[in-house]
S.K.: 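Quick one: this structure, given as structure tokens, is what I'll be asking you about.
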There are 4 protein chains.
Amino acid sequence: MPREVRERQMLDAAVAAFARQGYQAASMDDIAEAAGVSKPLVYLYLKSKEDLFMACVRREVGALVAAVRQGTRERGLPADQQLWNGLTAFFTHTAARPDGVAVLYRARTQGEPFAREVAAMRVEVVTIVTTLLGQAAQDAGCDGELAEREVSGLAHALVGAAESLAEWANSRTGEHIEAPSAKETAATLMNFCWAGLENLMKGARWVPGVAPAPHGR
Amino acid sequence: MPREVRERQMLDAAVAAFARQGYQAASMDDIAEAAGVSKPLVYLYLKSKEDLFMACVRREVGALVAAVRQGTRERGLPADQQLWNGLTAFFTHTAARPDGVAVLYRARTQGEPFAREVAAMRVEVVTIVTTLLGQAAQDAGCDGELAEREVSGLAHALVGAAESLAEWANSRTGEHIEAPSAKETAATLMNFCWAGLENLMKGARWVPGVAPAPHGR
Amino acid sequence: MPREVRERQMLDAAVAAFARQGYQAASMDDIAEAAGVSKPLVYLYLKSKEDLFMACVRREVGALVAAVRQGTRERGLPADQQLWNGLTAFFTHTAARPDGVAVLYRARTQGEPFAREVAAMRVEVVTIVTTLLGQAAQDAGCDGELAEREVSGLAHALVGAAESLAEWANSRTGEHIEAPSAKETAATLMNFCWAGLENLMKGARWVPGVAPAPHGR
Amino acid sequence: MPREVRERQMLDAAVAAFARQGYQAASMDDIAEAAGVSKPLVYLYLKSKEDLFMACVRREVGALVAAVRQGTRERGLPADQQLWNGLTAFFTHTAARPDGVAVLYRARTQGEPFAREVAAMRVEVVTIVTTLLGQAAQDAGCDGELAEREVSGLAHALVGAAESLAEWANSRTGEHIEAPSAKETAATLMNFCWAGLENLMKGARWVPGVAPAPHGR
DNA sequence: TATGAATGAGTCTTCATTCAT
DNA sequence: TATGAATGAAGACTCATTCAT
């Protein structure tokens with residue numbers, strides 16, 4: 001059996017194991033067995049547990065970013081539409097590859113090199129989102145300037161909300177309550193945040209003690 | 001030395017260890033040493049590694065919930081103000097006890113019993129939030145009906161956003177860029193979500209292909 | 001059982017194992033079993049295979065040097081007599097602790113840190129020998145100057161000869177041919193080298209094509 | 001590529017590996033790679049690691065013995081001259097093929113079959129030396145009888161001294177101190193032992209408590 | 001002749017856990 | 001209350017060796 005095929009089998013098995021048990025708890029023995037190969041072969045192809053984990057992380061990072069990029073590829077739409085498309089792509093991916101996403105989640109707490117990889121991915125996603133927001137500001141003809149730190153905070157809030165929602169949406173899978181579709185979830189998130197973002201881009205801010213301006217309270 | 005004191009020392013050491021290294025990687029040896037006691041004593045007081053971790057989780061869950069409750073105790077304020085207070089309390093706690101929060105974060109991926117404990121905490125927090133939202137709806141005299149599922153989704157989005165922001169805010173600690181204060185962070189989050197929530201409570205929804213109603217685009 | 005005792009048991013077992021099988025081939029499992037303890041205890045006390053080996057080496061280095069020093073302690077004797085005493089002590093030690101000596105032998109080809117330790121021991125022994133030779137030169141009233149390099153070479157030759165003889169003498173042990181006693185072996189070596197050394201100290205040298213001076217050929 | 005050539009490449013690589021790392025530590029993988037062939041080919045040609053090592057040992061034994069024989073081939077010279085020639089040949093070989101010599105050194109501690117091979121070589125060399133000594137006795141017209149055991153001991157002392165000197169001489173290679181030439185080293189050893197050997201052949205012995213006879217102390 | 005693919009067996013090391021005191 | 005001493009079980013990693021082609 002050619003090397004590439006075997007290697008993908010191993011990565012598949014590893015992603016599943018790491019997702020379910022975590023980096024430390026997953027054993028190379030189990031991974032090898034799940035991949036249907038002997039342990040030495042795993043080492044021959046993937047060098048070490050760390051390298052194997054890194055390979056998983058990189059693969060899943062790539063897949064996730066590709067999915068989101070694909071979702072926001074369509075030009076010429078209004079920014080909110082594009083953001084919704086991107087979120088939908090994200091939730092679709094998240095539902096289709098829960099283990100892959102879980103690996104990324106785990107990687108964030110597994111030490112420098114892995115955390116960095118995921119952080120880099122986040123930056124990429126945040127950049128996409130930020131670009132969309134900028135475009136949205138233009139679309140709306142608004143001129144409010146957002147401090148870089150504020151944007152960064154917002155982007156993290158959005159990503160965190162998305163991750164949390166993804167987890168929540170997927171946690172339903174398997175129960176008799178039907179899980180919400182990716183589009184529904186994306187819409188929920190848009191409902192949650194879009195009005196606020198728009199306000200911000202217009203320079204309207206929520207401040208303690210005063211209701212946000214555009215709603216006229 | 002009285003048992004209670006010793007036990008707290010152990011929990012402190014354990015929380016630090018689990019937070020920094022994760023459940024699997026933290027070793028009972030290290031924890032005992034950090035606590036300044038012998039290993040058998042740890043076992044005498046806390047039974048097993050699992051029980052020790054559970055004790056940590058429960059303690060931190062309690063502390064976090066108490067902090068948030070404390071933050072939202074003040075009655076008679078408008079709902080947004082109360083939510084802001086709660087968030088501020090959350091971010092304050094999060095900045096004060098990063099290790100405690102990290103333990104909860106770790107616990108979510110550490111198997112059934114621990115995940116359940118954290119999930120229960122989330123439910124509690126979500127309930128608080130939900131109550132506030134309900135009150136806010138009344139305050140606004142609005143009559144929009146929110147499906148239970150939708151509320152649940154929103155609450156998870158809010159909590160996820162808050163967690164993500166907390167992590168982001170704390171990741172700055174130690175750099176020369178000053179970390180945002182809890183109040184700032186809470187304001188960022190309010191900016192992010194409050195307008196949208198208000199809309200929803202008025203029955204206005206973002207739908208694909210159409211700009212959100214209340215803003216008149 | 002107190003730690004010190006256990007530790008000596010382990011070192012004894014380890015020395016035997018390393019001597020017979022070499023560093024790589026000796027397994028920690030076997031050593032632990034031979035010492036009558038479990039493997040973790042070996043690691044608890046001696047940290048790692050490398051550290052264990054180093055501990056063996058150091059112990060045997062100390063024992064050997066102590067033996068030789070003890071042998072040459074008696075002052076006031078002629079130099080040849082003292083050298084003979086030292087050699088006798090060496091061969092006695094060598095016969096009494098063949099495994100210890102074998103460990104030192106193995107250590108020389110086991111990488112920098114170990115080789116260095118043995119080299120340092122050699123230097124110590126060579127220094128003792130050199131001192132004796134110097135004293136012998138004085139005793140003999142001779143004034144021949146030996147280049148440092150030449151002395152070094154001679155000392156190495158002497159030590160090599162001694163080692164080789166020790167091995168030869170001990171290889172007889174167990175056969176029906178009786179092994180030569182330490183004193184006999186020491187005498188053999190004195191016979192082998194003393195006349196030559198004396199010549200050298202008188203400035204007489206063997207040169208190709210000419211028989212050494214003092215023997216009048 | 002013809003089998004013989006390939007086989008020599010493999011042996012060269014193996015000798016280098018075994019010399020530098022020892023039998024256990026050298027891996028078939030590394031040897032195959034160093035030889036520029038695939039592992040199965042090594043097994044096809046040389047059967048097993050043990051057989052490969054044995055092949056190396058035999059080759060190097062042959063080379064060393066051949067070198068020494070070559071050095072003592074010239075008949076009609078005085079015995080000391082011949083011995084010096086043989087030693088020079090030995091040190092020349094030793095300097096030219098340090099890896100080969102190292103393999104023999106390693107083989108001595110690698111278990112029965114290998115040790116036997118090297119022992120056999122020693123016997124051969126000792127025989128050559130013994131013959132020379134016998135001839136020297138005749139040359140000197142001396143009638144001293146040397147017990148077989150004593151001769152054996154002397155021969156081992158000589159060989160050990162030679163080995164030790166060879167190692168010492170070669171350990172200088174690479175430093176800025178120039179290594180002594182083979183002839184110098186051989187002369188050092190002759191200086192070290194020849195007078196003693198001559199004495200012995202004349203029946204003069206060093207005995208404890210008495211200075212050696214021929215020097216009249 | 002030559003090799004890419006594959007593995008059974010074994011090694012070092014660590015860890016949660018328990019006695020005996 | 002408190003601990004020095006000790007271990008069963010398991011995990012990462014490597015290596016000599018063999019097929020199928």
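Every chain is numbered from 1, with letters handed out A, B, ... down the list of sequences. Treat the numbers as computed from the prediction; the structure is a model and nothing was measured.
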S.K.: Salt bridge check, A/Glu4 against A/Arg8: does any charged N sit closer than 4.0 Å to a carboxylate O?
M.R.: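 Result for this pair is no, no salt bridge flagged.
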S.K.: Taking the side chain from A/Arg108 and the backbone from A/Val103, do they hold a donor-acceptor pair closer than 3.5 Å?
M.R.: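 Looks like no, no N/O pair under 3.5 Å.
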S.K.: Just wondering, do A/Leu41 and A/Met10 contact through their side chains at under 4.5 Å, heavy atoms?
M.R.: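 Heavy-atom side-chain distance check passes, below 4.5 Å.
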S.K.: How many Å lie between CD on A/Glu50 and C1' on F/dC13, as a whole number?
M.R.: 13 Å
S.K.: Hey, which sits more toward the 5' end of DNA chain F by its nearest nucleotide, D/Ala26 or B/Lys39?
M.R.: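 Looking at DNA chain F, the more 5' nearest nucleotide goes with B/Lys39.
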S.K.: Indicate the atoms forming the closest heavy-atom contact of C/Ser38 with C/Ala32, along with that distance.
M.R.: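 Smallest heavy-atom distance, with atoms named: C-CB, 4.0 Å.
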S.K.: Can you check the D/Lys47 NZ to F/dA16 C1' distance for me, whole Å?
M.R.: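 In whole Å, F/dA16 C1' and D/Lys47 NZ are 15 Å from each other.
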S.K.: Honestly, is A/Arg3 close enough over A/Tyr45, meaning NZ or CZ under 6.0 Å from the six-membered ring centre and within 45° of the axis?
M.R.: yes
S.K.: In residues 17-26 of chain D, what donor-acceptor pairs under 3.5 Å come from side-chain atoms, sequence neighbours left out?
M.R.:
unit_1  : atom_1 : unit_2  : atom_2 : d
D/Arg20 : NH1    : D/Asp99 : OD1    : 3.4
D/Arg20 : NH1    : D/Asp99 : OD2    : 2.4
D/Tyr23 : OH     : D/Glu50 : N      : 3.4

S.K.: Mind calculating the distance between CD (A/Glu33) and C1' (F/dG11) to the nearest angstrom?
M.R.: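 After rounding, the gap between these two atoms is 15 Å.
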S.K.: Please tell me which of C/Tyr43 and B/Ser48 maps to the more 5' nucleotide of DNA chain E, matching each residue to the nucleotide holding its nearest heavy atom.
M.R.: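 Per heavy-atom nearest nucleotide, the more 5' residue is C/Tyr43.
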S.K.: Applying salt bridge (Lys or Arg N to Asp or Glu O under 4.0 Å) to A/Asp12 and A/Arg59, what does each step give before you reach the verdict?
M.R.: CA-CA 10 Å; A/Asp12 289 344; A/Arg59 190 176 85 168; 2.7 Å; yes
S.K.: Tell me which of A/Gln24 and B/Arg3 sits closer to the 5' end of DNA chain F, going by the nucleotide each one is nearest to.
M.R.: B/Arg3
S.K.: Given atom CG of D/Asp29 and atom P of F/dA16, what is their separation to the nearest angstrom?
M.R.: 7 Å
S.K.: Check A/Glu117 with A/Arg122, please: is the shortest side-chain N to carboxylate O separation under 4.0 Å?
M.R.: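 No.
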S.K.: What is the first contacted nucleotide of DNA chain E and what is the last, in 5' to 3' order, if contact means an atom lying under 4.0 angstrom from a heavy atom of chain A?
M.R.: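 Listed 5' to 3', the contact boundaries are E/dA5 to E/dG10.
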S.K.: Say whether, by atom type as modelled, one donor and one acceptor occur between the side chain of B/Arg106 and the main chain of A/Thr109 under 3.5 angstrom.
M.R.: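 Side chain of B/Arg106 to backbone of A/Thr109, a donor-acceptor pair under 3.5 Å: yes, one is there.
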S.K.: Find the runs of at least 3 consecutive base pairs, i with j, i+1 with j-1 and so on, that include DNA chain F, using Watson-Crick or G-U wobble geometry with both distances under 3.5 Å.
M.R.: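 Listed by first number, the stems are E:2-21 with F:2-21.
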S.K.: What is the distance from CD1 of A/Ile31 to C1' of F/dC13, rounded to the nearest Å?
M.R.: 14 Å
S.K.: Between A/Met1 and D/Tyr45, who's closer to the 5' end of DNA chain E by nearest nucleotide?
M.R.: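 On the 5' side of the pair lies D/Tyr45.
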S.K.: I need the CG-P distance between A/Asp30 and F/dG11, as an integer number of Å.
M.R.: 7 Å
